[in-house]
Amino acid sequence: MSEKINFPFRKHLQEFTAYKSARDEFSAETEEYIFLDANENPFENNEKNRYPEVMHNELREKIVEVKTSQFSCNLEKNNIILGNGSDELIDLLIRIFCEPKVDSICISSPTFGMYAVSANSNNVNIIDISLNSKTFELDDIVVDKILLADNTDATRENQNNIKLLFLCHPNNPTGNIISEKRLVKILDNFSGMVVVDEAYIDFSSEHSTLKFLQKYPKLIVLQTFSKMWGLAGVRCGIAFAHPEVITMLQAVKSPYNVNILTARAVNDALNNKGIIYQQRNIILAQRLYLENECKNLTISKNPIFTDVYPSHCNSILVRLVPELDSDIIYEKLKNKGIVVRSFGKKQFLENCLRISVGTPEENFKVVEILKNI
Ligand SMILES: *Cc1c(COP(=O)(O)O)cnc(C)c1O
(Lines give C-alpha, C1' and ligand atoms only; values in the text may rest on other atoms or scores of the structure.)
Protein backbone atom coordinates (compact mmCIF):
# COMPACT_ATOMS: atom_id res chain seq x y z
CA MET A 1 0.00 0.00 0.00
CA SER A 2 1.31 3.42 -0.83
CA GLU A 3 1.21 5.92 1.99
CA LYS A 4 -0.73 9.14 1.65
CA ILE A 5 1.56 11.98 0.72
CA ASN A 6 0.78 15.57 1.53
CA PHE A 7 1.71 17.52 -1.55
CA PRO A 8 1.98 21.27 -0.93
CA PHE A 9 -0.64 22.28 -3.52
CA ARG A 10 -2.13 25.74 -3.24
CA LYS A 11 -5.09 25.74 -0.90
CA HIS A 12 -7.74 26.84 -3.37
CA LEU A 13 -6.82 23.92 -5.65
CA GLN A 14 -7.44 21.17 -3.14
CA GLU A 15 -11.15 21.24 -4.01
CA PHE A 16 -10.67 22.24 -7.63
CA THR A 17 -12.40 20.19 -10.29
CA ALA A 18 -11.13 20.08 -13.83
CA TYR A 19 -13.10 21.11 -16.90
CA LYS A 20 -14.81 18.04 -18.30
CA SER A 21 -13.91 18.09 -21.93
CA ALA A 22 -15.58 16.45 -24.85
CA ARG A 23 -12.69 14.17 -25.67
CA ASP A 24 -11.91 12.93 -22.16
CA GLU A 25 -13.61 9.58 -22.58
CA PHE A 26 -13.79 9.27 -26.32
CA SER A 27 -10.96 9.96 -28.66
CA ALA A 28 -11.77 10.70 -32.27
CA GLU A 29 -10.28 7.34 -33.19
CA THR A 30 -13.18 5.51 -31.59
CA GLU A 31 -14.86 4.98 -34.89
CA GLU A 32 -18.03 3.22 -33.86
CA TYR A 33 -19.53 6.44 -32.51
CA ILE A 34 -21.12 9.37 -34.20
CA PHE A 35 -19.73 12.40 -32.40
CA LEU A 36 -22.33 15.08 -31.88
CA ASP A 37 -21.07 16.28 -28.51
CA ALA A 38 -18.45 18.95 -29.15
CA ASN A 39 -19.73 21.29 -31.86
CA GLU A 40 -17.00 20.18 -34.22
CA ASN A 41 -17.29 20.43 -37.99
CA PRO A 42 -18.35 16.85 -38.90
CA PHE A 43 -16.57 16.73 -42.25
CA GLU A 44 -13.39 14.70 -42.19
CA ASN A 45 -10.20 16.63 -42.53
CA ASN A 46 -7.51 14.07 -41.80
CA GLU A 47 -8.94 13.94 -38.27
CA LYS A 48 -8.02 17.56 -37.75
CA ASN A 49 -11.69 18.47 -37.44
CA ARG A 50 -11.82 16.80 -34.01
CA TYR A 51 -10.53 18.13 -30.73
CA PRO A 52 -7.33 16.47 -29.58
CA GLU A 53 -7.17 14.15 -26.61
CA VAL A 54 -6.70 15.81 -23.24
CA MET A 55 -4.05 13.36 -21.99
CA HIS A 56 -2.78 11.65 -25.17
CA ASN A 57 -2.99 8.14 -23.79
CA GLU A 58 -1.35 6.21 -26.60
CA LEU A 59 1.43 8.71 -26.95
CA ARG A 60 2.13 8.54 -23.23
CA GLU A 61 2.29 4.73 -23.46
CA LYS A 62 4.87 5.06 -26.19
CA ILE A 63 6.86 7.59 -24.16
CA VAL A 64 6.88 5.16 -21.22
CA GLU A 65 8.33 2.50 -23.51
CA VAL A 66 11.06 4.70 -24.97
CA LYS A 67 12.06 6.36 -21.70
CA THR A 68 12.14 3.19 -19.60
CA SER A 69 14.53 1.65 -22.08
CA GLN A 70 16.66 4.77 -22.62
CA PHE A 71 17.04 5.57 -18.91
CA SER A 72 16.55 2.13 -17.28
CA CYS A 73 13.81 3.38 -15.01
CA ASN A 74 10.38 2.40 -13.79
CA LEU A 75 7.56 4.49 -15.21
CA GLU A 76 3.87 4.30 -15.81
CA LYS A 77 1.58 6.30 -18.02
CA ASN A 78 0.11 8.09 -15.01
CA ASN A 79 3.58 9.41 -14.14
CA ILE A 80 3.51 11.52 -17.32
CA ILE A 81 1.88 14.68 -18.59
CA LEU A 82 2.65 16.54 -21.81
CA GLY A 83 2.86 20.29 -22.20
CA ASN A 84 3.11 22.90 -24.92
CA GLY A 85 6.88 22.82 -24.46
CA SER A 86 8.37 22.38 -21.01
CA ASP A 87 7.98 26.14 -20.68
CA GLU A 88 4.26 25.56 -20.17
CA LEU A 89 4.96 22.88 -17.56
CA ILE A 90 7.31 25.18 -15.62
CA ASP A 91 4.54 27.76 -15.49
CA LEU A 92 1.90 25.20 -14.48
CA LEU A 93 4.11 23.89 -11.67
CA ILE A 94 4.48 27.38 -10.26
CA ARG A 95 0.73 27.90 -10.58
CA ILE A 96 -0.23 24.72 -8.70
CA PHE A 97 2.29 25.01 -5.85
CA CYS A 98 3.05 28.70 -5.26
CA GLU A 99 0.75 31.24 -3.67
CA PRO A 100 1.50 34.65 -5.27
CA LYS A 101 3.33 37.05 -2.94
CA VAL A 102 3.56 34.35 -0.25
CA ASP A 103 5.51 31.40 -1.61
CA SER A 104 8.88 31.16 -3.33
CA ILE A 105 10.75 29.13 -5.84
CA CYS A 106 14.45 28.46 -5.38
CA ILE A 107 16.88 28.58 -8.31
CA SER A 108 20.66 28.49 -8.69
CA SER A 109 22.05 31.10 -11.06
CA PRO A 110 23.37 31.11 -13.66
CA THR A 111 20.66 28.92 -15.09
CA PHE A 112 17.77 28.73 -17.55
CA GLY A 113 15.85 32.01 -17.56
CA MET A 114 12.30 30.71 -17.74
CA TYR A 115 12.08 29.71 -14.05
CA ALA A 116 12.47 33.35 -13.02
CA VAL A 117 10.30 34.66 -15.86
CA SER A 118 7.45 32.33 -14.88
CA ALA A 119 7.83 33.12 -11.18
CA ASN A 120 7.81 36.85 -11.90
CA SER A 121 4.78 36.66 -14.15
CA ASN A 122 2.95 34.79 -11.38
CA ASN A 123 4.13 37.26 -8.71
CA VAL A 124 5.99 34.48 -6.91
CA ASN A 125 9.22 35.21 -5.00
CA ILE A 126 12.58 33.91 -6.16
CA ILE A 127 15.29 32.75 -3.77
CA ASP A 128 18.49 32.58 -5.79
CA ILE A 129 21.32 30.54 -4.34
CA SER A 130 24.02 30.86 -6.92
CA LEU A 131 26.26 28.08 -8.16
CA ASN A 132 29.98 28.07 -7.42
CA SER A 133 31.06 31.15 -9.37
CA LYS A 134 34.33 29.55 -10.56
CA THR A 135 33.26 26.07 -11.64
CA PHE A 136 29.47 26.59 -11.84
CA GLU A 137 29.14 23.44 -9.77
CA LEU A 138 26.25 22.87 -7.43
CA ASP A 139 28.81 21.95 -4.81
CA ASP A 140 28.41 20.92 -1.16
CA ILE A 141 28.31 24.54 -0.03
CA VAL A 142 25.49 25.34 -2.43
CA VAL A 143 23.60 22.23 -1.33
CA ASP A 144 23.88 23.28 2.32
CA LYS A 145 22.75 26.82 1.53
CA ILE A 146 19.71 25.49 -0.32
CA LEU A 147 18.79 23.24 2.61
CA LEU A 148 19.33 26.10 5.03
CA ALA A 149 17.05 28.40 3.01
CA ASP A 150 14.46 25.64 3.08
CA ASN A 151 14.83 25.15 6.83
CA THR A 152 14.24 28.77 7.70
CA ASP A 153 10.61 27.78 7.27
CA ALA A 154 10.76 25.75 10.45
CA THR A 155 12.06 28.60 12.58
CA ARG A 156 8.99 30.64 11.64
CA GLU A 157 11.05 33.76 11.24
CA ASN A 158 12.28 35.00 7.92
CA GLN A 159 10.06 32.47 6.21
CA ASN A 160 10.98 31.71 2.64
CA ASN A 161 8.11 29.30 1.99
CA ILE A 162 10.04 27.61 -0.78
CA LYS A 163 7.61 25.31 -2.53
CA LEU A 164 9.65 24.47 -5.61
CA LEU A 165 13.35 24.00 -6.13
CA PHE A 166 14.42 24.15 -9.79
CA LEU A 167 17.58 22.23 -10.60
CA CYS A 168 18.82 22.14 -14.17
CA HIS A 169 20.72 18.93 -14.95
CA PRO A 170 22.69 19.34 -17.17
CA ASN A 171 22.58 23.08 -16.62
CA ASN A 172 21.88 25.61 -19.34
CA PRO A 173 24.02 27.64 -20.15
CA THR A 174 26.98 26.24 -18.19
CA GLY A 175 26.71 22.67 -19.50
CA ASN A 176 27.59 20.89 -16.26
CA ILE A 177 25.67 18.27 -14.29
CA ILE A 178 24.74 17.79 -10.65
CA SER A 179 26.46 14.84 -8.99
CA GLU A 180 24.18 12.01 -7.99
CA LYS A 181 25.39 12.14 -4.39
CA ARG A 182 24.40 15.80 -4.03
CA LEU A 183 21.11 15.32 -5.77
CA VAL A 184 20.23 12.50 -3.40
CA LYS A 185 21.20 14.65 -0.43
CA ILE A 186 18.75 17.28 -1.65
CA LEU A 187 16.02 14.73 -2.33
CA ASP A 188 16.50 13.25 1.14
CA ASN A 189 16.33 16.58 2.94
CA PHE A 190 14.44 19.23 0.97
CA SER A 191 10.91 19.78 2.27
CA GLY A 192 9.27 21.12 -0.90
CA MET A 193 9.01 19.79 -4.43
CA VAL A 194 12.26 19.24 -6.33
CA VAL A 195 12.06 19.87 -10.07
CA VAL A 196 14.95 18.51 -12.12
CA ASP A 197 14.97 19.97 -15.62
CA GLU A 198 16.61 17.41 -17.89
CA ALA A 199 16.18 19.21 -21.22
CA TYR A 200 19.74 18.17 -22.16
CA ILE A 201 19.97 14.77 -20.48
CA ASP A 202 20.04 13.05 -23.88
CA PHE A 203 23.43 14.62 -24.55
CA SER A 204 24.94 13.51 -21.24
CA SER A 205 26.63 10.27 -20.36
CA GLU A 206 25.58 10.84 -16.76
CA HIS A 207 22.60 9.65 -14.76
CA SER A 208 19.01 10.69 -15.35
CA THR A 209 17.00 11.45 -12.24
CA LEU A 210 14.10 9.43 -13.61
CA LYS A 211 15.31 6.35 -11.76
CA PHE A 212 14.52 8.12 -8.46
CA LEU A 213 10.94 8.94 -9.38
CA GLN A 214 9.28 6.02 -7.59
CA LYS A 215 11.38 6.47 -4.46
CA TYR A 216 10.91 10.24 -4.06
CA PRO A 217 7.28 11.34 -4.54
CA LYS A 218 8.29 14.99 -4.33
CA LEU A 219 10.56 14.69 -7.36
CA ILE A 220 9.38 16.11 -10.67
CA VAL A 221 11.50 15.57 -13.80
CA LEU A 222 11.11 17.72 -16.91
CA GLN A 223 12.23 16.64 -20.36
CA THR A 224 11.50 18.02 -23.80
CA PHE A 225 11.29 17.13 -27.46
CA SER A 226 12.92 20.46 -28.33
CA LYS A 227 16.60 19.50 -28.13
CA MET A 228 17.91 16.06 -29.15
CA TRP A 229 14.53 15.08 -30.58
CA GLY A 230 14.71 17.97 -33.03
CA LEU A 231 11.19 19.27 -32.48
CA ALA A 232 11.69 22.75 -31.00
CA GLY A 233 9.15 24.16 -33.43
CA VAL A 234 6.56 21.56 -32.55
CA ARG A 235 6.34 22.47 -28.83
CA CYS A 236 6.14 19.41 -26.64
CA GLY A 237 7.59 18.90 -23.18
CA ILE A 238 7.10 16.15 -20.60
CA ALA A 239 6.71 16.27 -16.84
CA PHE A 240 7.34 13.02 -14.94
CA ALA A 241 5.89 13.00 -11.44
CA HIS A 242 3.78 11.24 -8.83
CA PRO A 243 0.28 10.47 -10.22
CA GLU A 244 -1.33 12.93 -7.78
CA VAL A 245 0.86 15.73 -9.11
CA ILE A 246 0.02 14.70 -12.67
CA THR A 247 -3.70 14.82 -11.82
CA MET A 248 -3.34 18.34 -10.44
CA LEU A 249 -1.42 19.51 -13.50
CA GLN A 250 -4.14 18.00 -15.64
CA ALA A 251 -6.84 19.83 -13.70
CA VAL A 252 -5.18 23.21 -14.17
CA LYS A 253 -3.83 22.98 -17.72
CA SER A 254 -5.92 24.07 -20.65
CA PRO A 255 -7.55 20.87 -21.90
CA TYR A 256 -6.18 20.94 -25.44
CA ASN A 257 -2.67 22.19 -24.72
CA VAL A 258 -1.06 19.59 -26.98
CA ASN A 259 -2.61 19.67 -30.42
CA ILE A 260 -3.07 16.86 -32.94
CA LEU A 261 -0.24 17.98 -35.24
CA THR A 262 2.18 18.11 -32.32
CA ALA A 263 1.14 14.69 -31.07
CA ARG A 264 1.66 13.22 -34.54
CA ALA A 265 5.08 14.79 -34.95
CA VAL A 266 6.19 13.46 -31.56
CA ASN A 267 4.80 10.04 -32.36
CA ASP A 268 6.72 10.01 -35.67
CA ALA A 269 9.97 11.00 -33.97
CA LEU A 270 9.58 8.23 -31.39
CA ASN A 271 8.99 5.76 -34.22
CA ASN A 272 12.18 6.91 -35.91
CA LYS A 273 14.44 7.20 -32.93
CA GLY A 274 17.29 5.42 -34.73
CA ILE A 275 17.80 8.52 -36.88
CA ILE A 276 17.60 10.79 -33.86
CA TYR A 277 20.22 8.76 -31.99
CA GLN A 278 22.49 8.94 -35.05
CA GLN A 279 22.12 12.71 -35.08
CA ARG A 280 22.91 12.79 -31.39
CA ASN A 281 26.12 10.84 -31.98
CA ILE A 282 27.21 13.33 -34.61
CA ILE A 283 26.39 16.20 -32.26
CA LEU A 284 28.42 14.58 -29.47
CA ALA A 285 31.44 14.09 -31.75
CA GLN A 286 31.07 17.68 -32.92
CA ARG A 287 30.84 18.95 -29.35
CA LEU A 288 34.21 17.31 -28.72
CA TYR A 289 35.62 18.94 -31.87
CA LEU A 290 34.36 22.39 -30.81
CA GLU A 291 35.60 21.88 -27.27
CA ASN A 292 39.08 20.89 -28.43
CA GLU A 293 39.32 23.72 -30.94
CA CYS A 294 38.19 26.24 -28.34
CA LYS A 295 40.69 24.84 -25.83
CA ASN A 296 43.42 25.37 -28.43
CA LEU A 297 42.32 28.98 -28.52
CA THR A 298 43.09 29.34 -24.80
CA ILE A 299 46.73 28.37 -25.24
CA SER A 300 47.62 29.65 -28.71
CA LYS A 301 50.03 32.57 -29.22
CA ASN A 302 47.10 34.93 -29.22
CA PRO A 303 44.63 33.32 -26.85
CA ILE A 304 41.03 34.53 -27.20
CA PHE A 305 39.44 32.44 -24.43
CA THR A 306 40.31 32.11 -20.76
CA ASP A 307 37.85 29.29 -20.09
CA VAL A 308 36.14 26.53 -22.02
CA TYR A 309 33.61 24.88 -19.72
CA PRO A 310 33.10 21.13 -20.04
CA SER A 311 29.63 20.45 -21.44
CA HIS A 312 26.96 17.79 -21.15
CA CYS A 313 24.67 19.84 -23.44
CA ASN A 314 24.62 20.49 -27.18
CA SER A 315 26.40 23.78 -26.56
CA ILE A 316 29.70 25.07 -25.23
CA LEU A 317 30.21 27.97 -22.87
CA VAL A 318 33.43 29.93 -23.34
CA ARG A 319 34.81 33.03 -21.65
CA LEU A 320 36.77 35.57 -23.66
CA VAL A 321 40.04 37.09 -22.50
CA PRO A 322 39.54 40.51 -20.85
CA GLU A 323 40.96 42.32 -23.91
CA LEU A 324 38.03 41.07 -25.97
CA ASP A 325 34.38 41.97 -25.42
CA SER A 326 31.77 39.28 -25.90
CA ASP A 327 29.22 41.71 -27.34
CA ILE A 328 31.72 42.91 -29.93
CA ILE A 329 32.77 39.36 -30.84
CA TYR A 330 29.08 38.53 -31.11
CA GLU A 331 28.68 41.36 -33.64
CA LYS A 332 31.75 40.26 -35.56
CA LEU A 333 30.46 36.72 -35.82
CA LYS A 334 27.05 38.01 -36.84
CA ASN A 335 28.61 40.06 -39.61
CA LYS A 336 30.12 36.83 -40.90
CA GLY A 337 26.72 35.14 -40.80
CA ILE A 338 26.97 33.28 -37.51
CA VAL A 339 24.72 33.90 -34.53
CA VAL A 340 25.82 32.78 -31.08
CA ARG A 341 24.64 33.86 -27.64
CA SER A 342 26.56 36.59 -25.83
CA PHE A 343 26.06 37.06 -22.10
CA GLY A 344 27.75 40.47 -22.04
CA LYS A 345 27.74 41.74 -18.49
CA LYS A 346 25.35 39.17 -17.06
CA GLN A 347 26.35 38.25 -13.51
CA PHE A 348 28.56 35.13 -13.33
CA LEU A 349 28.64 34.94 -17.14
CA GLU A 350 30.57 38.14 -17.76
CA ASN A 351 32.18 38.13 -21.21
CA CYS A 352 30.91 34.62 -22.00
CA LEU A 353 29.57 33.22 -25.25
CA ARG A 354 27.43 30.14 -25.61
CA ILE A 355 27.91 28.36 -28.91
CA SER A 356 25.39 25.70 -29.91
CA VAL A 357 26.76 22.65 -31.66
CA GLY A 358 25.81 22.87 -35.33
CA THR A 359 26.44 20.61 -38.30
CA PRO A 360 30.07 19.65 -39.02
CA GLU A 361 30.25 22.33 -41.75
CA GLU A 362 28.80 25.00 -39.47
CA ASN A 363 31.17 24.15 -36.64
CA PHE A 364 34.18 24.14 -38.95
CA LYS A 365 33.17 27.58 -40.16
CA VAL A 366 32.75 29.09 -36.71
CA VAL A 367 36.11 27.66 -35.62
CA GLU A 368 37.87 29.13 -38.67
CA ILE A 369 36.37 32.54 -37.96
CA LEU A 370 37.31 32.38 -34.28
CA LYS A 371 40.89 31.45 -35.18
CA ASN A 372 41.16 34.64 -37.20
CA ILE A 373 39.19 36.98 -35.03
C1 LIG B 1 15.52 24.53 -24.10
C2 LIG B 1 15.20 24.29 -22.68
C3 LIG B 1 13.95 23.84 -22.29
C4 LIG B 1 12.96 23.47 -23.33
O5 LIG B 1 11.87 24.20 -23.35
P6 LIG B 1 10.70 23.82 -24.36
O7 LIG B 1 9.65 24.75 -23.90
O8 LIG B 1 10.36 22.38 -24.12
O9 LIG B 1 11.19 24.07 -25.74
C10 LIG B 1 13.71 23.57 -20.96
N11 LIG B 1 14.67 23.75 -20.04
C12 LIG B 1 15.90 24.17 -20.39
C13 LIG B 1 16.94 24.27 -19.36
C14 LIG B 1 16.19 24.47 -21.71
O15 LIG B 1 17.40 24.91 -22.04
Side-chain angles (χ1 to χ4, degrees), residues 56 59-60 63 66-67 80-95 105-119 121-122 126 128 130-131 136 138 164-178 183 193-204 206 208-210 219-241 249 253-254 257-259 261-263 265-266 269-270 276 279-280 283 287 309 311-317 339-341 343 346 348-349 352-358:
H56 294 278
L59 187 52
R60 288 193 299 157
I63 290 170
V66 171
K67 298 291 175 178
I80 292 182
I81 190 164
L82 302 176
N84 183 358
S86 21
D87 287 352
E88 182 192 24
L89 298 166
I90 291 166
D91 193 66
L92 283 171
L93 286 169
I94 291 176
R95 281 171 49 200
I105 66 161
C106 182
I107 62 170
S108 285
S109 284
T111 191
F112 187 48
M114 276 309 289
Y115 316 133
V117 168
S118 270
S121 75
N122 286 296
I126 301 164
D128 190 349
S130 52
L131 299 170
F136 297 131
L138 198 134
L164 286 171
L165 168 64
F166 282 94
L167 302 173
C168 194
H169 164 82
N171 188 38
N172 179 12
T174 59
N176 58 328
I177 52 143
I178 301 171
L183 197 74
M193 305 297 295
V194 178
V195 184
V196 181
D197 185 344
E198 296 192 347
Y200 298 96
I201 197 68
D202 300 301
F203 298 111
S204 176
E206 295 296 316
S208 162
T209 317
L210 279 180
L219 170 65
I220 299 163
V221 180
L222 298 178
Q223 292 188 1
T224 177
F225 288 96
S226 293
K227 305 289 155 61
M228 175 187 80
W229 290 95
L231 298 174
V234 157
R235 310 308 301 136
C236 191
I238 319 170
F240 301 90
L249 288 167
K253 82 179 178 80
S254 83
N257 61 329
V258 174
N259 68 67
L261 303 181
T262 294
V266 169
L270 291 167
I276 304 291
Q279 292 175 350
R280 172 185 59 186
I283 291 168
R287 181 178 75 197
Y309 295 94
S311 173
H312 289 260
C313 297
N314 61 334
S315 61
I316 303 236
L317 186 75
V339 183
V340 298
R341 177 80 187 267
F343 290 102
K346 197 176 168 72
F348 308 113
L349 299 172
C352 285
L353 296 175
R354 190 192 62 195
I355 307 172
S356 302
V357 180

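Side-chain atoms are counted along with the backbone in the values below, which use heavy atoms only and exclude waters and symmetry mates. All ligand and atom numbering here is 1-based and tracks the order in the structure. When a residue number appears, it is its place in the shown sequence, counting from 1.
- A donor atom on one side chain and an acceptor atom on the other are found under 3.5 Å apart for Asn172 and Arg354.
- When heavy-atom distances to ligand 1 are checked against a 4.0 Å cut-off, Cys168 comes that close only through its side chain, counted from C-beta outward.
- Contacts of Arg235 with ligand 1, taken as heavy-atom pairs under 4.0 Å, involve the side chain alone.
- The side-chain heavy atoms of Asn176 and Tyr309, taken from C-beta on, include no pair separated by under 4.5 Å.
- A side-chain donor-acceptor contact under 3.5 Å links Thr262 to the backbone of Val234.
- Near Ala199, the atoms of ligand 1 lying under 4.0 angstrom from a non-hydrogen atom of the residue are 2 (C), 3 (C), 10 (C), 11 (N), 12 (C), 14 (C).
- Between the side chain of Arg287 and the backbone N or O of Ile316, no donor-acceptor pair lies under 3.5 Å.
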Please step through side chain to side chain contact (heavy atoms under 4.5 Å, CB included) for the pair Phe136 and Asn171, ending with a clear verdict. CA-CA 9 Å; Phe136 297 131; Asn171 188 38; 5.7 Å; no
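- Residue Asn84 has no nitrogen or oxygen atom sitting less than 3.5 Å from a nitrogen or oxygen atom of ligand 1, judged on distance alone.
- Under the 4.5 Å side-chain criterion, counting only non-hydrogen atoms from C-beta, Lys227 is not in contact with Asp202.
- Looking at Tyr115 next to ligand 1, no N or O pair under 3.5 Å apart turns up.
- Those atoms of ligand 1 that come under 4.0 Å of a heavy atom in Asp87, given as number and element, are 5 (O), 7 (O).
- Contact annotation: for Lys227 versus ligand 1, heavy atoms closer than 4.0 Å belong to the side chain alone.
- The atoms of ligand 1 that sit less than 4.0 Å from any heavy atom of Ser226 are 6 (P), 8 (O), 9 (O).
- When hydrogens are left out, the protein atom nearest atom 5 (O) of ligand 1 is Ser86 OG, 3.3 Å; that is the closest non-hydrogen contact.
- For Phe225, no heavy-atom contact with ligand 1 is shorter than 4.0 Å.
- Here the side chain of Ser118 pairs no donor or acceptor atom with the backbone of Tyr115 at under 3.5 angstrom.
- Shortest contact from atom 11 (N) of ligand 1 to any protein heavy atom: Asp197 OD2, 2.6 Å.
- Residue-ligand proximity, Phe112 to ligand 1, at heavy-atom distances under 4.0 Å covers atoms 2 (C), 3 (C), 10 (C), 11 (N), 12 (C), 13 (C), 14 (C), 15 (O).
- Distance alone, capped at 3.5 Å, is enough to place a donor-acceptor pair between the Glu198 side chain and the Thr209 backbone.
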